[in-house]
Each structure stands twice: as structure tokens, then as C-alpha cells.
> 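Handing you a structure now.
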Amino acid sequence: MSTEVPSPSAEPRQAPAITPADVADASRLVSFGLQPKLLPARDAEYAELVLRYRDDPGFARLADAVATGLGLIVLEVSARAGMAVAAAEDSVFAVRLGEYSRRAASESSDRFLHGLAHLAVAALAFPRPEDLADDGYLGRITVNGVDTFVRQVCRRMEEQADTEGANTDPVSEAPGLEAAWRVYARRSATGATKDARRLAGSTIGIVGKATAFLVDSGFLQKTSDDSGGTFRTTARYQLQVRDLAGSAAMAELLALGVVPISDGSASLLPPDATEELVADAGLPFHSS
């Protein structure tokens, strides 16, 4: 019996060599991903590169490597979201919430309020786990609704503090020790200027800044001026909130029971009728 010697042609095929053009295309795709408001449906080149990423594993690995080198985390590459990326903490592209709040707020206590506003927008936009899992789901929020929701959270936390015997006023000379919920509850919802505009430091003004920041970041799209501003979510924001959903802050917020998510028929709790609220401050109720 003779033993056949494999011919050279039977050797495993070598992967195609990476060319400068491939690197340029991968970098171009990442650059598209850094333009949060741009979608593949609006740019033929972007759409072509997204398709190549999906169909060519070698190109996908190359694009991922380019993103990693820039300190970016690829959340998803798809026709609906484009190349959705998040910046790692040490990335030059990182826009930290702390930096945003320092630019938006002059008082240190206000920085907590800006963070609370962003957390509330995320919770209201996707109140149930299945909403985050459904790629076709669009969350809808209003500025006045977010403010109402946060005030509900403040009331719930105050009730918990009373129960635990921890509801004592902080030292007046050390406002930084005051819990964020107490600061928010005491802040005026709208304030007033001489020409009737809402004050930037009012709670609705703070929520308005948060939503404007999210619009600029490609996370929300404004649909009307109703209720202080009405917005719908984007695929990119859904991907971001999926990451946020596992955070301790989000878990603590959901544990308060203001956003019940135990079953598919859950809806947000209505405002307390005894509390004086701004006009059109009703919550954006979620119906299944």
C-alpha cells in the first residue's frame, strides 16, 4: 500500500495580507462611528463599510483593533446603529459626566443633580428589561415627566430615611453632606427670570440640559416642545443604557419601586395629587 504525500496545494490557505487600503477603510468606519448623529442610511460609504464589517470577519477584527487602539469599545455594528462605540475611561474621546456637570453647574451640589437627571432619563426611557432587549423598541420621555419622576424618587427616599431614622438635616455649613435627593427636593422646579424663562439651575432646567446633551450625543431625538420637550431614544442610546443597566446606581433606583418592572404590564406610578407640580408634568406612562 502506497502512502500519498500531500501536494503543496493541499496546505491551508493563508489569510489575505492586510493592505494599507484595508487599514484606511477600517479607520474610516471607526471615524463614522465617532459621529453620533450619522447613520448608515444617510451615507452610502458608511453603509458599505458596515456591510463589509458584517460579512468579512478579517475586516471586522481589523476595525475592532483600530477602535481598541483609540480607547473605544465597540458596542454594536449594524444598519440600525452604525458603528456604535463607547469611550473607555482613559480614551481621548471620553466625555466624562463629571466634566459635563462641571461645565453645566457652578455649584458642587448641582453636579449630583445632573447625574441624577441622566440616570432618571435612562430609567424612564427603558423601564423594563424587555425594552432594552428589543432592538425595535423606542423609548419616549419628556423633560417635565423626568422632573416629576425624580421628585417621586426623592419622596420615596425620604420615606425610607424616615423609616430608618436617618432623616435628619445635615450641618448647614456643610451642604456637600446633604444627600442628592434632599437637594433636588428643595430646588425649585422652574424658577423664574424677568422674561419668564426657566432658570438654568432649576430642576427642569437641569433636566433640559441633560436632554440637550443627549441629543448632541446622538442618544435622543427631539420630537416636539410639548411638556418641556419631548424626545425619543435612538439605537445608540439603547446600547449605552444596556451597559448602564448593571450599575449599582440603576439597581438602587429600580429597587425603590417607582419604576416597577416585575411583569410586562408594569406602568410608572402616577404623580402624588398632593404635590404641586409644574404644568404638563405628568409622567410619560409606559403601556405594553
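For the single chain, residues carry numbers from 1 onward in sequence order. Atom set for the values below is all heavy atoms of this structure, side chains included, hydrogens, waters and symmetry mates excluded.
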> Grab the two heavy atoms, one from Val50 and one from Gly82, that are nearest each other, plus how far apart they are.
CG2-CA, 4.3 Å
> If I take atom CD1 from residue Ile141 and atom CZ from residue Arg232, how far apart are they, to the nearest 0.5 angstrom?
12.5 Å
> If the condition is side-chain hydrogen bond (donor to acceptor under 3.5 Å, both in side chains), which residues does Ser78 pass it with, not counting sequence neighbours?
Glu76
> Tyr53: which residues meet the side-chain hydrogen bond (donor to acceptor under 3.5 Å, both in side chains) condition with it, sequence neighbours left out?
Asp64
> How far apart are the closest heavy atoms of Val207 and Ala117, and which atoms are they?
CG2-CB, 4.1 Å
> Name all residues meeting the side-chain contact (heavy atoms from CB on, under 4.5 Å) criterion together with Ser217; count only those two or more places apart in sequence or in a different chain, and write none if there are none.
Phe213, Phe219
> What pairs with Asp55 under salt bridge (Lys or Arg N to Asp or Glu O under 4.0 Å), at least two apart in sequence or on another chain?
none
> What distance separates Arg151 CZ from Arg155 CZ, expressed to the nearest 0.5 Å?
10.0 Å
> To the nearest 0.5 Å, what is the distance between CG (Asp226) and OG1 (Thr142)?
9.5 Å
> side-chain contact (heavy atoms from CB on, under 4.5 Å) with Val150: which of Leu113, Ile206, Leu116, Val121?
Leu116
> Taking all atoms of both residues into account, what is the closest heavy-atom pair of Ala235 and Ala81, and its distance?
CB-CB, 3.9 Å
> Between atom CD of Gln240 and atom CG of Leu132, what is the distance when rounded to the nearest 0.5 Å?
12.0 Å
> Check which hydrophobic residues are tied to Val23 through side-chain heavy-atom contacts below 4.5 Å, counting indirect links as well, and list them.
Ile18, Leu62
> Any salt bridge (charged side-chain N to carboxylate O under 4.0 Å, His left out) pairs touching residues 29-40, not counting sequence neighbours?
Lys37-Asp216
> Taking it one step at a time, do Leu220 and Thr233 satisfy side chain to side chain contact (heavy atoms under 4.5 Å, CB included)?
CA-CA 5 Å; Leu220 294 179; Thr233 60; 3.9 Å; yes
> Group every Ile, Leu, Val, Met, Phe, Trp and Tyr by side-chain heavy-atom contacts under 4.5 Å, then state whether Val66 and Val77 land in the same group.
yes
> Considering all heavy atoms of both residues, which atom of Gly228 and which atom of Asn144 are nearest to each other, and what is their separation?
N-ND2, 3.6 Å
> Please examine the side chains of Val146 and Leu124, heavy atoms only from C-beta on, and report whether any two atoms are closer than 4.5 Å.
yes
> From Asp147 CG over to Ser227 OG, what is the distance, rounded to the nearest 0.5 angstrom?
12.0 Å
> Taking side-chain contact (heavy atoms from CB on, under 4.5 Å) as the test, write out the residues that go with Asp135, two or more places apart.
Arg80, Gln238, Arg242
> Could you tell me if Arg140 and Thr223 have a donor-acceptor pair between their side chains, going purely by distance under 3.5 Å?
no
> Which residues pass the side-chain contact (heavy atoms from CB on, under 4.5 Å) test with Thr234, sequence neighbours left out?
Gln221, Arg236, Tyr237
> Glu45: which residues meet the salt bridge (Lys or Arg N to Asp or Glu O under 4.0 Å) condition with it, sequence neighbours left out?
Arg28
> Using the side-chain hydrogen bond (donor to acceptor under 3.5 Å, both in side chains) criterion, which residues pair with Asp25? Sequence neighbours excluded.
Arg52
> For Ala67 versus Val74, what's the shortest heavy-atom pair and its separation?
CB-CG2, 3.8 Å
> Asp131 and Pro127: which non-hydrogen atoms are nearest, and at how many Å?
OD2-CD, 3.4 Å
> Quick check for you: to the nearest 0.5 Å, what is the distance between Leu49 atom CG and Ser31 atom OG?
8.5 Å
> Is there side-chain contact between Ile73 and Val85, with at least one heavy-atom pair below 4.5 Å?
no
> Filter on ring-ring contact (aromatic ring centres under 6.0 Å, His included), then keep only pairs touching residues 20-41, sequence neighbours left out; what's left?
Phe32-Tyr46
